[in-house]
Structure formats: structure tokens, C-alpha cells
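Okay, so here's the structure we're looking at.
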Amino acid sequence: MKPVICMDHVSKSFNDKTVLKDVNFSVDEGEIFGLLGPSGAGKTTVINILTGQLRKDRGDSSILGENSERLSDEAHEKIGMVLENSGLYPRLSCYDNLAVFAEIFHLPKTKIKDVLKKVKLEDAIKKPASKLSKGMTQRLVLARAIIHNPKLLFLDEPTSGLDPNTALEIHKLIFELRENGATIFLTTHNMEEATKLCHRVSLLNEGEIVECGQPDALCRKYNTEKSVDVLLKDGQSIHLPCDRSSAKAISRYFEDEMVESIHSSEPNLETVFIKLTGRDLQ
């Protein structure tokens, strides 16, 4: 089976500035794949190349088995996108914004109310897009992207700046879309979000892929400390090496019912990124 997305040694420059340097990755059908990195790392450029909005300088790229620079109408009809620029019509209502796209995709108008309900905007059906909160706007953009049941969904920082509850609702919808057969390509600088959502991630720094793999596996790979921290019920914190020398002490703490919590030393994705690049995600 061919990958749904493939970038093979792709490079891109704007004038004298190199934005992507020999980028390689692939995405399998049914995956939630994360391209992670700080603002300016090249994430949006990757999406623009994959969706045919931008030509690369070198390398090959494809989606849905087609060259990304020569996508057919059939391929375009299988793609949904949530990008930084919402592209909504501010004076039109939620319903009318979606009606435009329903007509483009030759969908029955009944789909509009169905998708608004799915993103929990059924009560805002007549509300102009300009009057929506940021969270509601993002949900409307997502509704527009999925109204035609795309096989491949690009999400560029889909929860950036949203409150935790709204972000959680979007996460639930992403999982639902994946369960219904969609492949999802996610860009974010939120490593906690990526760990929660993604099957695999690539870490992008200054246009280069510095690491790729499953989030948990990457955290274990860069766990050089290999220790455990035991918090006792009296508030005392005990730091122990993760080997047989700690077995008796940990056993005694549990036998005496002294343990409040215990944590191993695996780094999170953000710590891994900082270790690999020497920079944070801001």
C-alpha cells in the first residue's frame, strides 16, 4: 500500500532564505500524523507544497498517490483543510458559509445542519461569521473542511489560542474523523496536544526533520536519566535510580502504605525537542 502522503528529499527556498532542507517523511492511511515545531520552522510551507499551492525547489511530494504539483480534481475533492487564514465570509451566517461549499461539492443542503450539529454550532446557524468567538470560528472552519467527508484532512495549528474546553471538543472530533476513516495531517507547536493525538510525529526545526517516530517511543529513546521519583504521603520526595538497587526501598514504601505517587523520568516531547535543537517552541 502506498503512503497517503509522501515527501522525498524536498527542499524549498525563498530568495536567499532556505525554508525546507531535504525533508523526508510519509503518512499511512488512517494515521494522525503530527509535524511539530515552533513558529517559522516551515510547517505551513510543507502543507502548501503538499496541497499544490507552492512549488518545491527539489525533491518529490505526493498525496493520495498523485504528484502534489499536478493534483486532479478527484484528489482535491478528497482533501479538507483548516489553515491559519480561515477564509470565511464574515457577513454570511454559519449556514450560508457552509452553503457555498455544499454547492461547490454538489452536496444536499441537509448536510449543512448535520455538520453544524457535529461541531456544536447548531444554535449559531443564523449568526454571522463576524460575530463568532474565536473558538466558534475555528469550529466553523473545521465544519467547512469536513462537510464533504474528506479522506485526507490538513489541520494547521487547529487549536492555537483556544480555551481548553474548546480544544478538547476539537480533539474529540479529530478522533471521530479518524475512526471514520480519515487520514489526518496535523501541524502544531503544542507538544502535549501532539502526544495525545498523534500516532507518529516528525520534529521540524529550521526546515529540517531532526527526529521522527511514535511520541512515547521518542520519549523513551531520550530518557538518559532512568530514574523514578516517589512522593510520600508525608510530603517527602525520594529520587531513586531505575534499577534493582531501588527495589527494596520502593517495596517497603508500598508495604507501609507510604506512597502518594510515583513517576518515572521519561522526558516529554517538548524536552526531547529542546534537547535535540537547543531551542524552545515559542
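Just so you know, residue 1 is the first one in the sequence shown, and it goes up from there. Below, all heavy atoms of this structure are taken into account, side chains as well, without hydrogens, waters or symmetry copies.
The structure places CD of Glu179 at 12.5 Å from CD1 of Ile174, a figure rounded to the nearest 0.5 Å. Note that CE of Met7 and CG of Asp22 are 10.5 Å apart. Values are rounded to the nearest 0.5 Å. For the atom pair CG (Asn48) and CG (Leu54), the distance works out to 5.5 Å, reported to the nearest 0.5 Å. Taking NZ from Lys126 and OH from Tyr95, the interatomic distance works out to 11.0 Å, rounded to the nearest 0.5 Å. Considering OG1 of Thr137 and NZ of Lys134, their distance stands at 9.5 Å, rounded to 0.5 Å. Taken to the nearest 0.5 Å, the CG atom of Asn97 stands 13.0 Å off from the CZ atom of Arg91.
Under the 6.0 Å distance and 45° angle rule, Lys275 does not count as a cation-pi partner of Phe273.
Among residue pairs with one or both ends in residues 254-264, those qualifying as side-chain hydrogen bond (donor to acceptor under 3.5 Å, both in side chains) are Ser251-Glu255, Ser264-Glu266; sequence neighbours excluded. Residues in residues 113-145 take part in no ring pair (Phe, Tyr, Trp, His ring centres under 6.0 Å) pair, two or more places apart or across chains.
Between Lys151 and Glu29, every side-chain heavy-atom pair lies at or beyond the 4.5 Å cut-off. Counting heavy atoms from C-beta outward, Ser246 and Pro241 have side chains that approach closer than 4.5 Å. Using a 4.5 Å heavy-atom cutoff, the side chains of Ile184 and Glu31 are not in contact. By the 4.5 Å heavy-atom criterion applied to side chains, Glu176 and Lys118 are counted as neighbours. Put simply, the side chain of Phe33 does not reach to within 4.5 Å of the side chain of Val4, judged on heavy atoms.
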Problem - Intermediate values then yes/no, side-chain contact (heavy atoms from CB on, under 4.5 Å), Leu153 and Thr183 - result: CA-CA 6 Å; Leu153 184 60; Thr183 301; over 6 Å; no

Exercise for the section: Show your working on side-chain contact (heavy atoms from CB on, under 4.5 Å) between Gln138 and Val82 and close with a plain yes or no. Expected result: CA-CA 8 Å; Gln138 195 70 344; Val82 174; 3.9 Å; yes

Exercise for the section: Before giving the answer on side-chain contact (heavy atoms from CB on, under 4.5 Å), spell out for Leu36 and Leu204 the whole-Å C-alpha distance, their side-chain angles and the decisive distance to 0.1 Å. Expected result: CA-CA 6 Å; Leu36 316 183; Leu204 184 69; over 6 Å; no

Exercise for the section: Could you walk me through whether Val201 and Cys198 pass side-chain contact (heavy atoms from CB on, under 4.5 Å), step by step? Expected result: CA-CA 7 Å; Val201 297; Cys198 298; 3.7 Å; yes

Exercise for the section: Given salt bridge (charged side-chain N to carboxylate O under 4.0 Å, His left out), test Glu211 with Lys221 step by step and report yes or no. Expected result: CA-CA 11 Å; Glu211 186 59 278; Lys221 178 179 179 179; 3.0 Å; yes

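Follow the hydrophobic side-chain contacts under 4.5 Å out from Leu186 and you never reach Leu152; the two are in separate clusters. One hydrophobic cluster, built from ILVMFWY side chains closer than 4.5 Å, holds both Ile147 and Leu173. Ile47 and Ile209 fall within a single hydrophobic cluster, where Ile, Leu, Val, Met, Phe, Trp and Tyr side chains are chained together by heavy-atom contacts under 4.5 Å. Met81 and Phe101 sit in two unconnected hydrophobic clusters of ILVMFWY residues. Membership requires side-chain heavy atoms under 4.5 Å apart, directly or through other members. Phe185 is connected to Ile79 through a chain of hydrophobic side-chain contacts under 4.5 Å among Ile, Leu, Val, Met, Phe, Trp and Tyr, so both are in one cluster.
With sequence neighbours left out, Lys111 forms a salt bridge (charged side-chain N to carboxylate O under 4.0 Å, His left out) with no residue at all.
Nearest heavy-atom pair, Leu140 versus Ala129, reported as atom, atom and distance to 0.1 Å: CD2-CB, 4.4 Å. Minimum heavy-atom separation, His171 to Leu197: CD2-CD1, 3.7 Å. Closest non-hydrogen pair, Ala145 versus Pro150, comes out as O-CG, 3.4 Å. The two residues Lys43 and Leu35 come nearest to each other via the heavy atoms CD-O, 3.3 Å. Nearest heavy-atom pair, Val27 versus Arg200, reported as atom, atom and distance to 0.1 Å: CA-NH2, 3.9 Å. Nearest approach of Glu77 to Phe105, heavy atoms of both residues: CA-CE2, 4.1 Å.
Remark: Glu103 does not engage Lys109 in a salt bridge, criterion side-chain N to carboxylate O under 4.0 Å. For Glu74 and Lys78, the salt-bridge test passes: some basic side-chain N is under 4.0 Å from an acidic carboxylate O.
Summarising the local packing, NZ of Lys21 is surrounded by more than 12 heavy atoms from other residues, nucleotides or ligands at distances under 6.0 Å. Other residues, nucleotides and ligands place no more than 12 heavy atoms under 6.0 Å from the OH atom of Tyr89. Within 6.0 Å of NZ on Lys113 lie no more than 12 heavy atoms contributed by other residues, nucleotides or ligands. Counting non-hydrogen atoms of neighbouring residues, nucleotides and ligands closer than 6.0 angstrom, the NZ atom of Lys196 exceeds 12 such neighbours. Few gaps surround CD on Glu122; more than 12 heavy atoms of other groups in view lie less than 6.0 Å from it.
Thr188 and Asn190 form no side-chain donor-acceptor contact under 3.5 Å, judged by distance and modelled atom types alone.
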Which donor-acceptor pairs under 3.5 Å do side chains of residues 154-170 form with protein atoms, sequence neighbours excluded?
| from | atom 1 | to | atom 2 | distance (Å) |
| --- | --- | --- | --- | --- |
| Asp156 | OD1 | Thr187 | OG1 | 2.4 |
| Asp156 | OD2 | Thr44 | OG1 | 2.9 |
| Glu157 | OE1 | His189 | ND1 | 3.3 |
| Glu157 | OE2 | His189 | N | 3.4 |
| Glu157 | OE2 | His189 | ND1 | 3.3 |
| Thr159 | OG1 | Glu193 | OE1 | 3.4 |
| Thr159 | OG1 | Glu193 | OE2 | 2.4 |
| Asp163 | OD1 | Asn165 | N | 3.1 |
| Asp163 | OD1 | Thr166 | N | 2.9 |
| Asp163 | OD1 | Thr166 | OG1 | 3.3 |
| Asp163 | OD2 | Thr166 | OG1 | 2.7 |
| Glu169 | OE1 | Lys120 | NZ | 3.0 |

Only pairs under 3.5 Å count here: list side-chain donor-acceptor contacts from residues 55-70, not counting sequence neighbours, and write none if there are none.
| from | atom 1 | to | atom 2 | distance (Å) |
| --- | --- | --- | --- | --- |
| Arg55 | NH1 | Glu69 | OE1 | 2.7 |
| Lys56 | NZ | Ser61 | OG | 3.1 |
| Lys56 | NZ | Glu69 | OE2 | 3.1 |
| Asp57 | OD2 | Ser13 | N | 2.6 |
| Ser61 | OG | Ser68 | OG | 2.4 |
| Glu66 | OE1 | Ser72 | N | 2.7 |
| Glu66 | OE1 | Ser72 | OG | 3.1 |
| Glu66 | OE2 | Ser72 | OG | 2.7 |
| Asn67 | OD1 | Glu69 | N | 2.8 |
| Ser68 | OG | Ile49 | O | 3.2 |
| Ser68 | OG | Ser61 | O | 3.4 |
| Glu69 | OE2 | Lys56 | N | 3.3 |

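A donor-acceptor pair is defined here as one N or O able to donate and one able to accept, closer than 3.5 Å; such a pair exists between the side chain of Asn223 and the backbone of Lys226. In this structure, Asp234 contributes its side chain and Gln236 its backbone to a donor-acceptor pair below 3.5 Å. Using modelled atom types, no side-chain atom of Arg144 and backbone atom of Leu98 make a donor-acceptor pair closer than 3.5 Å.
With side-chain heavy atoms closer than 4.5 Å counting as contact, directly or through intermediates, the hydrophobic cluster containing Phe254 also holds Val228, Val230, Leu232, Ile238, Leu240, Ile250, Tyr253, Met258, Val259, Ile262.
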